[in-house]
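Take a look at the structure set out below.
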Amino acid sequence: MRIASWNINSVRTRPQRAVDLLAKHDIDVLCLQETKVADAKFPREPFEEAGYHVTCHGLNQWNGVAIVSKEEPEKVQTFFPGQPGFHKDTAKEQAREARAVSARIRGIEIWSLYVPNGREITDRHFDYKLDFLYALARYVETRAQSKLLLTGDFNIAPRDEDVWDMSLFRGKTHVTEPERAAFQMLEEAGLEEVTRRFTEEDRWTYFDYKSLRFQKNEGMRIDFQLASEPLAHLVQGAQVDMVERAGDKTSDHVPLIADFDVPDFASVR
DNA sequence: ATGTCACATATAATGTGA
């Protein structure tokens, strides 16, 4: 079973790239982040014409997540239990943003997650990011005994080698101790990151649009797939599709693909 | 090289966000 995760940075800007990706890799489930579209405007047709189901969760032009799957999801959840909200105006309601959607497919609870960026370490958004991760870890603790998969853009580089030049990142978001500790909380709650060990060569998942970062191979590893133990031991391999970052009108992130030995009971019958 | 993209809005230039 092939599960891919990709921060597409606007699904309306490049829907055909996503549809082509499904065919190119024969993807069973594609988790998208930063779709940047409200549900009513989501371009469902090209995915459905390709034979896929679309589960989307978008509230406005920001954030937005989706799960595109060959099989029809058995259960869908928007927001994870305990997910905190945010609004830049503290006088307004701190409403939850469209950063989490899940679908149960072939017995796996699969989440497409877009963790808050954090902006600057002195910004309220940074505290929001940490709160989001703490709440996520608490939810994981309740689900870690079954097959659970968190995919997406975590906006954290857990190790120094996950950025191309650590000296440029000290004091900035994505590499701070509290962010890395929060990521570790997810692991301590029962999850294992399953793609890293298969992607040592092409290890970046993100390249800034600015400063020719892709051309200079100056990237970051901030996208991951974290599986609970009952699923993690079924992982068979992982890869990034670096070709997807080349060419015109690309996302700034690269698709992250993982394979799991999960039987398709329907095909066995 | 902060110097690129994407989205929105009294559509044309600017604000927000990454």
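Just so we're on the same page: letters track the sequence lines, and every chain starts at 1.
Residues A:Arg124 and A:Gln94 bring a donor and an acceptor atom of their side chains to less than 3.5 Å of each other. There is no side-chain donor-acceptor pair under 3.5 Å between A:Ser228 and A:Gln145. For A:Asp223 and A:Thr205, the side-chain atoms include at least one donor-acceptor pair closer than 3.5 Å. For the 3.5 Å distance criterion, the side chains of A:Lys36 and A:Asn9 qualify, holding a donor opposite an acceptor. In the model, A:Glu72 has no side-chain atom that pairs as donor or acceptor with a side-chain atom of A:Tyr52 under 3.5 Å.
For A:Arg119 and A:Arg14, each mapped to the nucleotide of DNA chain B holding its nearest heavy atom, the one lying further toward the 5' end belongs to A:Arg14. Comparing A:Asn63 and A:Ser211 by the nucleotide of DNA chain B that holds the closest heavy atom to each, the one mapping nearer the 5' end is A:Ser211.
Across the C1' atoms, B:dA13 and B:dT9 are found 10 Å apart, a figure rounded to whole Å. Comparing B:dA8 with B:dT2, their P atoms sit 29 Å apart, to the nearest whole Å. Using atom C1' as the reference point in both B:dA10 and B:dG15, the two lie 15 Å apart (nearest Å).
Distance A:Phe207 CZ to B:dA18 P: 21 Å, rounded to the nearest Å. Rounded to an integer number of Å, the gap from CZ of A:Arg17 to P of B:dC5 is 13 Å. Rounding to whole angstrom units, CD of residue A:Glu120 and C1' of B:dT2 are separated by 12 Å. One interatomic measurement links the two molecules: CG of A:Asn60 to P of B:dA8, which rounds to 9 Å at whole-angstrom precision. The CZ-P distance, from A:Phe86 to B:dA18, rounds to 9 Å in whole Å. Remark: C1' of B:dA18 and CG of A:Asn155 are 8 Å apart, rounded to the nearest angstrom. The interatomic distance linking A:Lys249 (NZ) with B:dC7 (C1') rounds to 12 Å, in whole Å. Taking atom NZ of residue A:Lys36 and atom P of nucleotide B:dT4, one finds them 16 Å apart after rounding to whole Å.
Ranking B:dA8, B:dA18, B:dA6 by closeness to the A:Asn9 side chain, first place goes to B:dA6. Comparing atom distances between the A:Lys210 side chain and each of B:dA8, B:dA6, B:dT4 picks out B:dT4 as nearest.
Shown here, B:dT2 forms no base pair; nothing in the strands shown gives a Watson-Crick or G-U wobble contact with both key distances under 3.5 Å.
Looking at heavy-atom distances under 4.0 Å, A:Arg245 makes no contact with the nucleic acid at all.
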Within the sub-3.5 Å range, which N or O atoms of nucleotides 12-15 of chain B have a protein N or O partner, and how far apart are they?
none

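Its glycosidic angle being within 90° of 0, B:dA12 falls on the syn side.
Salt-bridge check for A:Arg143 with A:Glu109: passed, with a basic side-chain N closer than 4.0 Å to an acidic carboxylate O.
At the phosphate of B:dC5, neither OP1 nor OP2 sits under 4.0 Å from any side-chain N or O atom of A:Arg213. Residue A:Thr13 has no polar side-chain atom (N or O) positioned under 4.0 Å from OP1 or OP2 of B:dC5.
Taking OH of A:Tyr114 as the reference point, atom OG1 of A:Thr151 lies at 14.0 Å (rounded to 0.5 Å).
Hydrophobic clustering places A:Val175 together with A:Trp204 (ILVMFWY residues linked when any side-chain heavy atoms are closer than 4.5 Å, directly or through intermediates).
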